[in-house]
Each structure stands twice: as C-alpha cells, then as structure tokens.
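One structure below.
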Amino acid sequence: QVQLVESGGGLVQAGGSLRLSCAASGRPFSTYVMGWFRQAPGKEREFVAAFGWSGTDTHYADSVKGRFTISRDNAKNTVYLQMNSLRPEDTAIYYCATDVFPRLRAGVPGYWGQGTQVTVSS
C-alpha cells in the first residue's frame, strides 16, 4: 500500500509562487513514477506534470510549461511542484499520484494523495 501526503497549498496573488510537496511512503519510492494532477471547481481532473519512465525526464501540460517545475528528493521520498507566475486559472485542488508511467499519463494511477487547495487571486 502506498501513502501520499501533499502539503504546501494556500492562497497567493496572481504572479506569485507556491511549492507543493508530496511525501510518499509504503513501498520503494523508485518503483513507480510520480506526478501531479489538479481539479478546478466544476471541471474534470487534469494532468499537470510527471516524471517519465527514466525517472528523470519530465512531462508537463501545455498550460503550465515554463511556469511549473517538478522535482524530487529521493532521500526524503518526496516530490515537489514549484509553481511560478501563478494565474487565477491555476486555482484548483492539486493531487499527487503514483503508478507506472502509462497509467499515470493516462490519468488512471492507482494511488492518489488527499489533495491540497491552491487559490490564486486576481
């Protein structure tokens, strides 16, 4: 069983930055790749960013490319999402998830965190 716990959400003004963290436990961290999704009010959950098969290559949604960066600290079993130049449309609940890359990228990972709210004011 995998446990994922997100933190770091909050309220920020447009143009500001936040860093989300996702601490993983329960199985070897290197088995699956990690990623981030988000769900805005009234919308479906969408892919944001993830590590690829190699564990070092990264993938981003077009809407966040150049503004968001996914990174990891293997020693801490933690993945981060650095979010810069935030926009009101980035407002959502952000979830981290883990599974093999094809399932993660398809939006059907087997393990999800509980989510953390990010609100960007205009």
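Keep in mind it's a predicted model, so treat the numbers as computed, not measured. Computed over heavy atoms, backbone and side chain alike; hydrogens, waters and symmetry mates excluded.
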For a quick test of reading the model, state the closest non-hydrogen atom pair linking [X] to [Y] and the distance between them.
X: Pro109; Y: Ala97; result: CG-CB, 3.5 Å
X: Gln39; Y: Lys43; result: NE2-O, 3.1 Å
X: Met34; Y: Ile70; result: O-CD1, 3.9 Å
X: Leu4; Y: Ala24; result: CD2-CB, 3.6 Å
X: Gly52; Y: Phe101; result: CA-CD1, 3.7 Å
X: Gly110; Y: Asp99; result: N-OD2, 2.7 Å

Could you tell me whether a side-chain N or O of [X] sits under 3.5 Å from a main-chain N or O of [Y], the two making a donor and an acceptor?
X: Asn77; Y: Ser25; value: no
X: Arg103; Y: Val108; value: yes
X: Thr78; Y: Ala23; value: no

Side-chain heavy-atom pair [X], [Y] within 4.5 angstrom cut-off:
X: Gln117; Y: Leu11; answer: no
X: Phe68; Y: Leu86; answer: yes
X: Val12; Y: Met83; answer: no

>> I need the Thr69 OG1 to Leu81 CG distance, nearest 0.5 Å.
In response: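 That separation rounds to 8.0 Å.
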
>> As an exercise, state the distance from NZ of Lys65 to NE2 of His59, rounded to the nearest 0.5 Å.
In response: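 Reported to 0.5 Å precision, the distance equals 10.0 Å.
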
> What residues form a ring pair (Phe, Tyr, Trp, His ring centres under 6.0 Å) with Phe47, not counting sequence neighbours?
Replying inline: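 Testing Phe47 for ring pair (Phe, Tyr, Trp, His ring centres under 6.0 Å), a comparison that skips the adjacent residues, returns Phe37.
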
> According to the ring pair (Phe, Tyr, Trp, His ring centres under 6.0 Å) rule, which pairs have a member within residues 77-99, sequence neighbours left out?
Replying inline: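 Output for this query is empty, none listed.
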
> Of all residues at least two apart in sequence or in a different chain, which pass the side chain to side chain contact (heavy atoms under 4.5 Å, CB included) check with Arg67?
Replying inline: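 Side chain to side chain contact (heavy atoms under 4.5 Å, CB included) list for Arg67, sorted by chain: Val64, Ser85, Arg87, Asp90.
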
> For Ser7, what residues pass the side chain to side chain contact (heavy atoms under 4.5 Å, CB included) criterion, not counting sequence neighbours?
Replying inline: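 Applying side chain to side chain contact (heavy atoms under 4.5 Å, CB included) to Ser7 gives Ser21.
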
>> Under 4.5 Å between side-chain heavy atoms, counting indirect links through other Ile/Leu/Val/Met/Phe/Trp/Tyr residues: same cluster for Val2 and Val100 or not?
In response: yes

>> Listing request: all salt bridge (charged side-chain N to carboxylate O under 4.0 Å, His left out) pairs with a residue in residues 4-15, at least two apart in sequence or in separate chains.
In response: none

>> So if I apply the side chain to side chain contact (heavy atoms under 4.5 Å, CB included) rule between Phe51 and each of Leu104, Thr98, Thr58, which one comes out positive?
In response: Thr58

> Quick one: disulfide bond (SG atoms under 2.5 Å apart) pairs with a partner in residues 41-114, sequence neighbours left out?
Replying inline: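 Residue pairs passing disulfide bond (SG atoms under 2.5 Å apart), neighbours aside: Cys22-Cys96.
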
